[in-house]
Peer 1: 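Questions regarding the structure given below will be posed in turn.
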Amino acid sequence: MKKKRLLIRSSILLVMMLAIGYTFYNHFSEDQGLVAEGDEAPDFVLENMDGEEMYLEDFEGEGVYLNFWATYCTYCRDKMDYLNEHFEEYEERGLQVLNVNVDETELQVERHEQRFQLDYELYIDRNMLVSSAYGVGVLPSVFLIDETGEVQEHHVGGKTEQQVVESLESLVPDQSAS
């Protein structure tokens with residue numbers, strides 16, 4: 001009886017170790033589609049909370065602050081608060097702030113929007129297709145995309161308000177080139 005129990009426990013442990021190993025392999029493999037500095041930002045389509053479609057290519061000629069977030073993420077909430085304070089100013093200067101929720105329910109996102117009185121569009125990445133294409137694994141994750149569609153930087157984790165504003169400032173299209 002003890003040998004049978006040992007065999008069952010060993011089998012369960014082996015299956016768990018294989019599952020953990022597979023998860024690590026899958027998470028850190030290069031074929032995940034990680035977008036890096038200097039890459040052309042992959043186009044995508046998302047819907048806002050009103051069901052209107054938005055394509056990244058719609059913002060050609062404008063800088064894009066692409067922010068992946070979730071309602072449970074404290075650093076995301078801080079960053080979104082900073083963005084809420086500054087997005088109108090930067091929108092007028094040719095910059096778009098795109099806040100992409102990573103596959104939470106519409107109800108969760110609506111409640112978050114109301115609770116924190118957010119004034120900008122929110123998008124939900126259904127089935128995490130966009131975040132997977134960009135290789136997002138940690139939140140918040142931000143891609144700074146210039147007016148030509150090139151990824152200038154990729155930030156992961158919390159930032160101060162000053163760091164967020166500096167990122168926004170770096171994306172303002174050069175008006176003298178127009």
Peer 1: Has the side chain of D125 got a donor or acceptor atom that lies under 3.5 Å from a matching backbone atom of V130?
Peer 2: yes
Peer 1: Could you tell me whether a side-chain N or O of N48 sits under 3.5 Å from a main-chain N or O of Y123, the two making a donor and an acceptor?
Peer 2: no
Peer 1: Can you check whether W69 reaches M80 side chain to side chain, under 4.5 Å on heavy atoms?
Peer 2: yes
Peer 1: For N127, does its backbone N or O pair with a side-chain atom of D103 as donor and acceptor, under 3.5 Å?
Peer 2: yes
Peer 1: Is it true that the side chains of H112 and Q114 contain a donor and an acceptor less than 3.5 Å apart?
Peer 2: no
Peer 1: Go through the side-chain N and O atoms of E166 and Q162 and say whether any donor and acceptor fall under 3.5 Å apart.
Peer 2: yes
Peer 1: Are side-chain heavy atoms of M54 and E47 found at a separation under 4.5 Å?
Peer 2: no
Peer 1: Where do L171 and L144 come nearest, in terms of heavy atoms and distance?
Peer 2: CD1-CD2, 3.6 Å
Peer 1: Can E88 and Y120 be counted as having a side-chain donor-acceptor contact under 3.5 angstrom?
Peer 2: no
Peer 1: Do D78 side-chain atoms and Y75 backbone N/O form a donor-acceptor pair below 3.5 Å?
Peer 2: no
Peer 1: E91 versus V97: any side-chain heavy-atom pair under 4.5 Å?
Peer 2: no
Peer 1: Could you tell me if the side chain of E62 sits less than 4.5 Å from the side chain of L95, heavy atoms only?
Peer 2: no
Peer 1: Within the side chain of N84, is there an N or O that forms a donor-acceptor pair under 3.5 Å with the backbone of D119?
Peer 2: yes
Peer 1: Less than 4.5 Å apart, side chain to side chain, heavy atoms only: is that true for F116 and D81?
Peer 2: no
Peer 1: Taking atom types as modelled and ignoring hydrogens, do the side chains of E161 and H86 form a donor-acceptor contact shorter than 3.5 angstrom?
Peer 2: yes
Peer 1: Stepwise, does the side chain to side chain contact (heavy atoms under 4.5 Å, CB included) test hold for V142 with F68?
Peer 2: CA-CA 6 Å; V142 174; F68 291 92; over 6 Å; no
Peer 1: For the pair F143 and H154, name the ring-plane relationship: parallel under 30°, tilted 30 to 60°, perpendicular over 60°.
Peer 2: parallel
Peer 1: If we ignore hydrogens and angles and just use 3.5 Å, is the side chain of E104 paired with the main-chain N or O of T71 as donor and acceptor?
Peer 2: yes
Peer 1: Find out whether V100 and V102 are in side-chain contact, i.e. whether some heavy atom of one side chain is under 4.5 Å from a heavy atom of the other.
Peer 2: no
Peer 1: Give a yes or no on whether a salt bridge exists between R115 and E110, defined as a side-chain N under 4.0 angstrom from a carboxylate O.
Peer 2: no
Peer 1: Is it true that E169 and R93 make a salt bridge, defined as a side-chain N closer than 4.0 Å to a carboxylate O?
Peer 2: yes
Peer 1: Please check this pair: side chain of S170 against backbone of S167, looking for a donor-acceptor N/O pair closer than 3.5 Å.
Peer 2: yes
Peer 1: Below 4.5 Å, heavy atoms only, C-beta onward: do L46 and Y55 meet side chain to side chain?
Peer 2: no
